[in-house]
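One structure is given below, encoded as structure tokens.
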There are 2 protein chains.
Amino acid sequence: MKQISRFSHFGELSDKDYFRIALSVDCVIFGFEDGELKVLVIKCNIKEYKGMWSLLGDLVKPDEDINSASYRILKERTGLDDVYLEQVHTFGKVNRHPAGRVITTAYFSLVNIKDHQLKLSDNELHWHPVKDIAEMAFDHKSILDTCLDRLREKVDDQPVVFNLLPKKFSLRELQSVYEAVLNCELDRRNFRKKFFMMDWLVDLNELEEDVPHRPGKLYKFNAAKFAKKAKKIS
Amino acid sequence: MKQISRFSHFGELSDKDYFRIALSVDCVIFGFEDGELKVLVIKCNIKEYKGMWSLLGDLVKPDEDINSASYRILKERTGLDDVYLEQVHTFGKVNRHPAGRVITTAYFSLVNIKDHQLKLSDNELHWHPVKDIAEMAFDHKSILDTCLDRLREKVDDQPVVFNLLPKKFSLRELQSVYEAVLNCELDRRNFRKKFFMMDWLVDLNELEEDVPHRPGKLYKFNAAKFAKKAKKIS
DNA sequence: CATTTAATGTGTATTTTTAACACATTATTG
DNA sequence: CAATAATGTGTTAAAAATACACATTAAATG
């Protein structure tokens, strides 16, 4: 009685049964502002979670790569085009979405908040301090937690935090990003030493301006060092 | 002209458009045998990849958690019930499956090959040395590579390799699992020192048998130390 | 039973990495 | 010109990772 299935090699159900699941992508977009790590959230407009914060997400289109879907969401919502984005985990509890079966793949992204103040005030979009979010719509809090954990692992050995900063930054700013992400205090001297040792920074021979104290030097990320394949000879 | 959608809050397409994607789970099941890391594969039976090795996978059922789906696959295919399983990555290229749009979530698993020789010879199931697999059906080679990378990161700081061994094992066996996974040679003295330091092992006060040389002591994994939450005071 | 074999079991010195820590300097503010 | 609030710099100690050699033991051999 079973109908012939395109996926008969998979198992016993008919095609129809398998197309009752929708797939979405949710983006945890991290930014850094006022010394705090923030996440871009939006007021939820479905009745079950009315008024609660939720992540930016959308359903994946049938002819769309999931990675492309995540870039599309970022582009549509923040206007940013060329940003850091990494897949983290797929959340597939049966009842995670009240409207039906939706499995979602979570990505995290790192952006420089100043770069897109434009598109922001449009909706109910909002940069929320990560520390202060206790509750979110759907399973989004647990998605956020998972992405934050991944971010913390990542910053320990890969040069990704630069995506949170403007092109030019001081060592103080860099350190405070790390402190915000890792939620800890770091020793300033060891921090500087480590970064010069790793050769991740390029000295721009410029100084901070408009600070009420001795200005610090400005640096940029040594992108050349990480272009495509890391050079063997440093 | 658009039809009313359950997912209208997501975007602009109608429900119908979003249910053209199927979701599957693929399991990279690692085992250890003859000093080699192996992966459980099956001869592919769809025409585009006829005869090539593929991973064990199945479509996720509409009322099934994706994690449950991965456990189900493992149970169905290997008979094993209580095994280590970890989600790694979701692969969502549009044309990764010739039969249609199938997005797949990859899990890796660690099992003791000896524990389930039974169900094996059934089909075209086969334990294949990981080193020797150059090509696989679909994007399964890249799934395998991704899972192997993850496994290598994991074994560095978490006690997971014990899942590849029988309950009782010698330090030599333990070391050779690490060497097989990491594809490198380790110093025997430092290896032993490190494991005793970490307190991951329980000395069983038993010796190997039937070895043509001085028998080594047998140990088991110190599971108590990692029960639920790691104890603070060791 | 003595010898050979092939592994196990053990400790120390060296190097590298990480962590702890204090004071002089500089531009701005008042 | 004094006070402020940060920047910039080096050394020492502790911890972790690495390199390395020899005596011991049970089984197998003749």
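Here is the naming used below: chain letters follow the sequence lines, and residue numbers restart at 1 for every chain.
Taking the six-membered ring for Trp and thresholds of 30 and 60 degrees, A:Phe162 and A:Phe169 have ring planes inclined between 30 and 60 degrees apart. Between A:His140 and A:Phe138, the ring planes lie tilted relative to each other; the angle falls in the 30° to 60° range. Taking the six-membered ring where the residue is Trp, A:Phe108 and A:Tyr84 present tilted rings, their angle falling between 30° and 60°. Using cut-offs of 30° and 60° on the angle between ring planes, the pair B:Phe195 and B:Phe191 is tilted.
Contact annotation: the side chain of B:Glu36 never approaches that of B:Val130 to less than 4.5 Å [non-hydrogen atoms, C-beta and beyond].
Minimum atom distance to the side chain of B:Asn190 is reached by D:dT18, of the listed C:dA27, C:dT8, D:dT18. In the set D:dT11, D:dT9, C:dA7, D:dT11 carries the atom at the smallest distance from any side-chain atom of A:Lys193.
Atoms CD (A:Glu173) and P (D:dA6) sit 14 Å apart, rounded to a whole Å. The separation between A:Phe191 atom CZ and C:dA20 atom P is 16 Å, rounded to whole Å. Atom C1' of nucleotide D:dA26 and atom CD of B:Glu208 are separated by 11 Å, given to the nearest angstrom. Rounded to whole angstrom, the span from the CG atom of B:Leu207 across to the C1' atom of D:dT24 amounts to 13 Å. What separates CZ of B:Arg192 from P of D:dA17 is a distance of 19 Å, to the nearest Å. As rounded to whole Å, 13 Å separates atom C1' of D:dA16 from atom CE of B:Met198. Whole-Å rounding puts the A:Gln175 CD to D:dT9 P distance at 15 Å. Regarding A:Phe196, its CZ atom lies at a distance of 19 Å from the C1' atom of C:dT17, rounded to whole Å.
Side-chain N/O atoms of A:Arg189 include none lying less than 4.0 angstrom from OP1 or OP2 on C:dC21.
Between A:Arg188 and A:Pro212, the residue anchored nearer the 5' end of DNA chain C, judged by the nucleotide with its closest heavy atom, is A:Arg188. The nearest heavy atom of DNA chain D to B:Pro215 and to A:Asp187 marks one nucleotide each, and the one closer to the 5' end goes with A:Asp187.
Between the base of D:dT7 and the side chain of A:Arg214 there is a donor-acceptor pair shorter than 3.5 Å.
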